Protein chains: 2
Amino acid sequence: MPTIKDVAKMAGVSVATVSRVINNSGYVNEVTKKRVEQAISQLNYRPNNVARSLFHGRSQMIALLVPDIMNPFFPELARAVEDFAKLNDYTFVLCNTDDNPEKEMHYIYALEQKSVDGIIVVSSTVTEKSLQGIHVPIVALDRIVSAKLPSITVKNRDGARQAVRYLKQLGCKRIAHICGPDNVSNTKERLGGYIDEVKNEEWFLSSYVVSGDYQYDKAMDATKNLLKSHPEVDGIFVANDLMGVGVLKAAQELGLKVPEDIQIIGFDGISLGEKITPSITTMKQPIYEMGTRAAQLLIQQINEPNQQVQHEEYEVTLVKRESTK
Amino acid sequence: MPTIKDVAKMAGVSVATVSRVINNSGYVNEVTKKRVEQAISQLNYRPNNVARSLFHGRSQMIALLVPDIMNPFFPELARAVEDFAKLNDYTFVLCNTDDNPEKEMHYIYALEQKSVDGIIVVSSTVTEKSLQGIHVPIVALDRIVSAKLPSITVKNRDGARQAVRYLKQLGCKRIAHICGPDNVSNTKERLGGYIDEVKNEEWFLSSYVVSGDYQYDKAMDATKNLLKSHPEVDGIFVANDLMGVGVLKAAQELGLKVPEDIQIIGFDGISLGEKITPSITTMKQPIYEMGTRAAQLLIQQINEPNQQVQHEEYEVTLVKRESTK
DNA sequence: TTGAAAGCGCTAACAG
DNA sequence: CTGTTAGCGCTTTCAA
């Protein structure tokens, strides 16, 4: 790999001049500029970004930490962040944390030590305390981490209420809820919305709420158990679409017809939900918009570190599909 | 952020000694070591990796470039690479290229300029020529890029033949094929395998082959058209599982029962294939193993640059599920 | 308009 | 066992 010195030598100038040409900064004679440019292209020179980062203390790189790269929700989010990053000349990288606090902190440390300029985290284990000593700007996405961290989320409670009301409106008499892991902020909110709507129903039982941990497998198992012990359930509000697919599978394996015997409504609006049969009715988050906005907020933070902390909440919208009547 | 100097000052030693402590290299008195360690923890010092990278010319980071992060096949692959990277103390990052040559080269350049130690690419647009002037070790995964690049792939042709033979064995009389984009190496191989098995059948028509571009939407549309003009088709070999889901959807929208009216077999073995109903019979690739092996090969390359170029081909295995009888 | 030189934070001879 | 120093490749004063 040629360095700036090689270029300087070849062009018969100093490295400072080459630097000026590369960065289009300061004065440089048109003629020498041409000479330098020629040397650059002849040597196929590309500046070493590590050296640049060392000097500037930044790397023009941002990262997104997601808990589960296999849940399509996160790749969709990643796409948005990536696009916005590219538009703003940031290199984008994606890291998978398994919602494992150690992996999470490992990445955050590693990235900061690489002078990453900012990090967007989807996390339920990062805390204000664990972030002490971290200086990179961080934005929380999808889940609230701390009041001190800017965040982009949706109106989970609202969305959940809408979902449950819709099931009622469709005639469901016994509505259950498959929720996420209880340490995730949006699990609580979605569960809260469900409870709001059912707590005064005389049919409501606390055993109508079971956890699927935001995972397909667990949701499927949980649903089978639920429906075996509570065959009267005729509607399920599922806290995310991935689990929704599992609930569907469970229902079908138990010989139940969807939506005739049991109606299902999910949350997220991932595209997988419409790819399958029956397609899943869902509370759709503006995924792309959220990812974009998180990236935008992050870049703002990077450029002006002492912004006011913002918490933005997006609306979710009901998308009617085949898993409901 | 404290630097090595701050630590040195606080501990009353030179930066060299601090460096020795950090890296556990050379001799250092137990007592001074303790002092240094104390200073480190008091200052919450973490070495600046950019400076290290600049010195060493490497970053302990590897990257994976995938064409479509929304196709679950790639996240699954990514998981494997990530795990192996972590085991070997490499930071892992994932980049999405959309199979867009510019994005691909952009990433490759950007990563090389960041002193990334190695790159695994799933690509159909990178060529030997476009890689001129690139010095990072590269390993091709899933698709062959050039004879000069080590690669990890599967026996696509073989797998395709097995798939088609299985459909025949199940009684299919007219078997169609939904293939991938024609610039991808494995599209040709899978198509080749299909052709091998059907070219001598008197029923075979070239219009039984249509492209779905490895995308859900396109595969669905293509299948609808296919089945409208060729209602006699009773079996489809689909070049990947994601398209398989689309084919399923198309069949169902046309009112066809799977597998009663039409049987479907996919390729890849992504976990989505078993999550849906009916689950998709498929030719399963050893995804995790392949990702792991690619990472291993890459790290070998990094450590000993002039290895012999290896091309490894894994077997695929038939996994019978509900989309076939 | 250009060059010399300091320095970003770290490591690795080399000398003591 | 420890410190001094050069240098990784680049940018940016400061002088000329």
Side-chain angles (χ1 to χ4, degrees), chain A residues 1-40 43-61 109-117 135-136, chain B residues 1-40 43-61 109-117 135-136:
Chain A
M1 294 279 287
T3 72
I4 198 171
K5 264 190 199 160
D6 302 322
V7 177
K9 204 171 294 171
M10 178 172 235
V13 298
S14 76
V15 294
T17 303
V18 177
S19 177
R20 287 194 192 95
V21 173
I22 298 169
N23 299 293
N24 232 296
S25 62
Y27 299 88
V28 40
N29 186 309
E30 274 303 315
V31 183
T32 40
K33 187 173 172 184
K34 285 272 172 299
R35 273 217 317 285
V36 171
E37 280 167 347
Q38 208 152 79
I40 288 178
L43 292 171
N44 196 348
Y45 166 76
R46 280 168 293 131
N48 179 326
N49 253 309
V50 177
R52 282 182 160 177
S53 295
L54 179 58
F55 182 86
H56 283 122
R58 48 186 175 68
S59 60
Q60 284 294 310
M61 181 159 73
Y109 280 124
L111 292 168
E112 177 169 49
Q113 286 178 254
K114 290 195 183 337
S115 297
V116 161
D117 297 347
H135 305 88
V136 232
Chain B
M1 294 278 288
T3 73
I4 198 171
K5 263 190 199 159
D6 302 321
V7 177
K9 203 171 297 173
M10 178 172 236
V13 297
S14 74
V15 293
T17 302
V18 178
S19 177
R20 286 191 193 98
V21 173
I22 298 170
N23 298 293
N24 230 297
S25 64
Y27 299 88
V28 40
N29 186 308
E30 274 304 315
V31 183
T32 40
K33 188 172 172 185
K34 285 272 173 298
R35 272 219 316 284
V36 172
E37 280 167 345
Q38 209 151 80
I40 288 178
L43 292 171
N44 197 348
Y45 165 77
R46 280 167 295 131
N48 179 327
N49 254 308
V50 177
R52 281 182 162 176
S53 295
L54 179 59
F55 182 87
H56 284 121
R58 45 186 177 68
S59 60
Q60 284 295 310
M61 179 159 72
Y109 279 124
L111 291 168
E112 178 170 47
Q113 286 178 252
K114 289 195 180 344
S115 296
V116 161
D117 297 348
H135 306 90
V136 231

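These numbers were taken from a predicted model, which means no experiment stands behind them. Residue numbers begin at 1 in each chain, while the letters A, B, ... track the order of the sequences.
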> Counting only N and O atoms by type, is there a donor-acceptor contact under 3.5 Å from the side chain of S115(B) to the main-chain atoms of S59(B)?
Replying inline: no

> Between the side chain of R35(B) and the main-chain N/O of A11(B), is any donor-acceptor distance below 3.5 Å?
Replying inline: yes

Has [X] got a side-chain N or O lying under 4.0 Å from the OP1 or OP2 atom of [N]?
{"X": "S19(B)", "N": "dT11(C)", "value": "yes"}
{"X": "N48(B)", "N": "dC8(C)", "value": "no"}
{"X": "Y27(B)", "N": "dG16(C)", "value": "no"}
{"X": "S25(B)", "N": "dA12(C)", "value": "no"}

> Going through the checks in order, is the side chain to side chain contact (heavy atoms under 4.5 Å, CB included) test met by L111(A) and V136(A)?
Replying inline: CA-CA 9 Å; L111(A) 292 168; V136(A) 232; over 6 Å; no

> Per the end-axis method with five pairs at each terminus, what is the bend angle of the helix from dT1(C)-dA16(D) to dG16(C)-dC1(D), to 10°?
Replying inline: 50°

>> In this structure, how many angstroms lie between the P atom of dG7(C) and the CD1 atom of I4(B), rounded?
In response: 18 Å

>> Applying side chain to side chain contact (heavy atoms under 4.5 Å, CB included) to L43(B) and M10(B), what does each step give before you reach the verdict?
In response: CA-CA 9 Å; L43(B) 292 171; M10(B) 178 172 236; 3.7 Å; yes

Any side-chain heavy-atom pair of [X] and [Y] under 4.5 Å:
{"X": "S53(A)", "Y": "F55(A)", "answer": "no"}
{"X": "V28(B)", "Y": "T17(B)", "answer": "yes"}
{"X": "I4(B)", "Y": "I22(B)", "answer": "yes"}

> Which heavy atom in Y45(B) sits nearest to a heavy atom in T3(B), and how many Å separate them?
Replying inline: CE1-C, 3.5 Å

> Shortest non-hydrogen contact from V21(B) to E37(B)?
Replying inline: CG1-CG, 4.0 Å

> Touch check for N49(B), heavy atoms < 4.0 angstrom, all strands: base, sugar-phosphate only, or nothing?
Replying inline: nothing

> Along DNA chain D, 5' to 3', what are the outermost nucleotides having an atom less than 4.0 Å from a heavy atom of chain A?
Replying inline: dC8(D) to dT13(D)

> Which residues within residues 50-60 of chain B lie with some heavy atom under 4.0 Å of an atom in DNA chain C?
Replying inline: A51(B), R52(B), F55(B), H56(B)

>> Can you list everything that forms a side-chain hydrogen bond (donor to acceptor under 3.5 Å, both in side chains) with S19(B)? Sequence neighbours excluded, please.
In response: N23(B)

>> Pair D117(A), M61(A) - check side chain to side chain contact (heavy atoms under 4.5 Å, CB included), show working.
In response: CA-CA 6 Å; D117(A) 297 347; M61(A) 181 159 73; 5.8 Å; no

Protein-nucleotides 3-5 of chain C N/O pairs closer than 3.5 Å?
from	atom 1	to	atom 2	distance (Å)
dG3(C)	OP2	S14(A)	N	2.9
dG3(C)	OP2	S14(A)	OG	3.2
dG3(C)	OP2	T17(A)	OG1	2.6
dG3(C)	N7	R20(A)	NH2	3.4
dG3(C)	O6	R20(A)	NH2	2.4

> Any salt bridge (Lys or Arg N to Asp or Glu O under 4.0 Å) pairs touching residues 43-61 of chain B, not counting sequence neighbours?
Replying inline: E112(A)-R46(B)

> Between V36(A) and V13(A), is a side chain to side chain contact (heavy atoms under 4.5 Å, CB included) present by the stated rule, with each step listed?
Replying inline: CA-CA 8 Å; V36(A) 171; V13(A) 298; 4.0 Å; yes

